[in-house]
Amino acid sequence: MILIALALNASELPVQPMTVEVVRDPITDGIRASATLREDGNRLVVSCQPHEYHGPRITFHSRRWLQRGYFFSGQRPVTFRFDNQRPARMFWEIDDRSATLDGDRRVAYFLNGLFVSERLVIRTRDVEKRRFDMIFHLRDVRPAVEQALRACSGAPAAG
């Protein structure tokens with residue numbers, strides 16, 4: 001039994017670092033940048049697109065369909081926890097299999113936790129109202145996020 005446990009542990013894939021993508025629109029020269037962390041079929045994305053919206057956004061993409069947002073707002077509360085800190089709960093805009101967090105203060109709070117932590121757990125509900133967790137192991141996220149956000153900070157406004 002111990003050998004099986006050791007074999008399973010050894011076969012775990014190493015944590016992949018965040019990848020950065022910066023794209024310039026060929027017509028408007030508008031910049032779109034993102035830092036993406038993939039794990040277990042889920043994605044965590046920090047993005048900016050200054051010609052489309054103000055400030056950075058945090059989005060997670062689930063491999064499962066998410067419970068719909070409330071009728072009027074399209075938002076639903078999502079609980080997350082960095083390392084052993086207290087869990088936090090914020091409203092995220094839900095769209096099929098993804099959820100987006102925006103707003104300067106809320107994104108800044110999330111990014112502060114992201115930069116100093118080793119693990120993030122996001123708990124939400126699927127379309128059948130079953131609770132599930134997504135776990136992201138955070139490795140070298142700060143340089144990737146800062147690179148993406150720097151790319152947007154000097155971008156000219158689209159016209």
Side-chain angles (χ1 to χ4, degrees), residues 12-13 15-25 27-28 30-142 144-149 151-153 155 157-158:
E12 287 183 20
L13 296 174
V15 176
Q16 298 296 314
M18 269 189 144
T19 58
V20 178
E21 179 183 29
V22 179
V23 177
R24 181 178 298 273
D25 185 286
I27 300 295
T28 66
I31 296 289
R32 179 180 76 239
S34 62
T36 304
L37 180 63
R38 291 173 172 79
E39 190 158 346
D40 197 27
N42 303 307
R43 287 181 291 146
L44 178 68
V45 180
V46 179
S47 64
C48 55
Q49 202 168 349
H51 61 284
E52 292 291 324
Y53 54 83
H54 171 74
R57 291 183 172 186
I58 313 292
T59 305
F60 67 82
H61 302 267
S62 171
R63 61 181 186 194
R64 296 167 72 169
W65 290 90
L66 301 175
Q67 184 177 12
R68 299 185 111 204
Y70 294 127
F71 184 72
F72 289 109
S73 69
Q75 297 183 341
R76 178 160 292 287
V78 173
T79 303
F80 58 92
R81 183 179 187 188
F82 292 104
D83 293 336
N84 293 324
Q85 296 176 13
R86 292 175 51 137
R89 189 173 181 175
M90 292 184 186
F91 278 89
W92 296 60
E93 189 169 327
I94 307 296
D95 183 26
D96 296 333
R97 293 190 300 174
S98 65
T100 302
L101 178 70
D102 59 6
D104 292 339
R105 287 185 9 203
R106 296 176 336 134
V107 169
Y109 174 84
F110 192 92
L111 287 176
N112 285 335
L114 195 70
F115 290 161
V116 300
S117 302
E118 294 180 13
R119 186 176 90 139
L120 166 65
V121 178
I122 298 174
R123 175 170 288 170
T124 191
R125 293 190 180 272
D126 68 13
V127 73
E128 295 175 350
K129 300 182 182 174
R130 293 178 298 201
R131 189 173 68 188
F132 73 99
D133 297 335
M134 290 176 280
I135 299 173
F136 294 96
H137 294 89
L138 309 173
R139 183 176 139 219
D140 298 329
V141 297
R142 184 179 203 123
V145 170
E146 287 176 345
Q147 179 184 350
L149 297 182
C152 288
S153 66

Legend entry - Nearest heavy-atom neighbours spanning Ala148 and Cys48: O-SG, 3.6 Å
Legend entry - Within-4.5 Å side-chain heavy-atom neighbours: Val78 and Phe60: yes
Inset, instruction - Would you check if the side chain of Asp25 reaches a backbone N or O of Ile27 as a donor-acceptor pair within less than 3.5 Å? - result: yes
Inset, instruction - Can you see which heavy atom on Met18 is nearest to which on Leu44, and at what distance? - result: CE-O, 4.1 Å
Legend entry - Tyr53 to Ser47 - nearest heavy-atom pair and separation: OH-OG, 3.1 Å
Legend entry - Distance (rounded to the nearest 0.5 Å) between Ser117 OG and His137 NE2: 12.5 Å
Inset, instruction - Please answer whether the main-chain N or O of Arg64 pairs with a side-chain N or O of Ser62 as donor and acceptor at a distance below 3.5 Å. - result: yes
Legend entry - Gap between atom CD1 of Ile135 and atom CZ of Arg81 - 0.5 Å precision: 11.5 Å
Legend entry - Atom pair CE/CZ of Met134 and Phe80 - distance to nearest 0.5 Å: 12.0 Å
Legend entry - Non-hydrogen atoms of Val107 and Pro56 that approach each other most closely: CG2-O, 3.5 Å
Inset, instruction - Keeping the roles fixed (side chain from Arg63, backbone from Asp40), state whether a donor-acceptor pair exists under 3.5 Å. - result: yes
Legend entry - Residue pair Tyr109 / Leu101, side-chain heavy-atom distance below 4.5 Å: no
Legend entry - Side chains of Asn42 and Phe136 in contact at under 4.5 Å (non-hydrogen atoms): yes
Inset, instruction - Could you tell me whether the side chain of Asp96 reaches within less than 4.5 Å of the side chain of Trp65, counting heavy atoms only? - result: yes
Inset, instruction - For Phe91, enumerate each residue passing the ring-ring contact (aromatic ring centres under 6.0 Å, His included) test, keeping only those at least two apart in sequence or located in another chain. - result: none
Legend entry - Working for side chain to side chain contact (heavy atoms under 4.5 Å, CB included), residues Leu111 and Ile58: CA-CA 9 Å; Leu111 287 176; Ile58 313 292; 3.7 Å; yes
Inset, instruction - Considering non-hydrogen atoms only, spot the tightest contact between Ala144 and Val20 and give its length. - result: O-CG2, 3.5 Å
Legend entry - Check: Thr36 and Glu21 side chains under 4.5 Å, non-hydrogen atoms: no
Legend entry - Any Glu118 side-chain heavy atom under 4.5 Å of Leu138 side chain: no
Inset, instruction - Would you indicate whether the side-chain heavy atoms of Phe132 and Leu66 approach each other to under 4.5 Å? - result: yes
Inset, instruction - Nearest 0.5 Å please: distance from the CD atom of Glu93 over to the CZ atom of Arg76. - result: 13.0 Å
Inset, instruction - Over all heavy atoms of both residues, which pair between Gly55 and Asp104 is shortest? Give the atoms and the distance, please. - result: CA-OD1, 4.4 Å
Legend entry - Exercise: do Asp102 and His54 side chains pair donor with acceptor under 3.5 Å: no
Inset, instruction - Kindly indicate whether the side chain of Phe115, heavy atoms from C-beta on, has any atom under 4.5 Å from the side chain of Val145. - result: yes
Inset, instruction - Enter the distance from Phe82:CZ to Leu114:CG here, rounded to the nearest 0.5 Å. - result: 5.0 Å
Inset, instruction - Working to the nearest 0.5 Å, report the span between CD of Glu39 and CZ of Arg119. - result: 10.0 Å
Legend entry - Neighbour count >12 (heavy atoms, 6.0 Å) for atom CZ, Arg130: yes
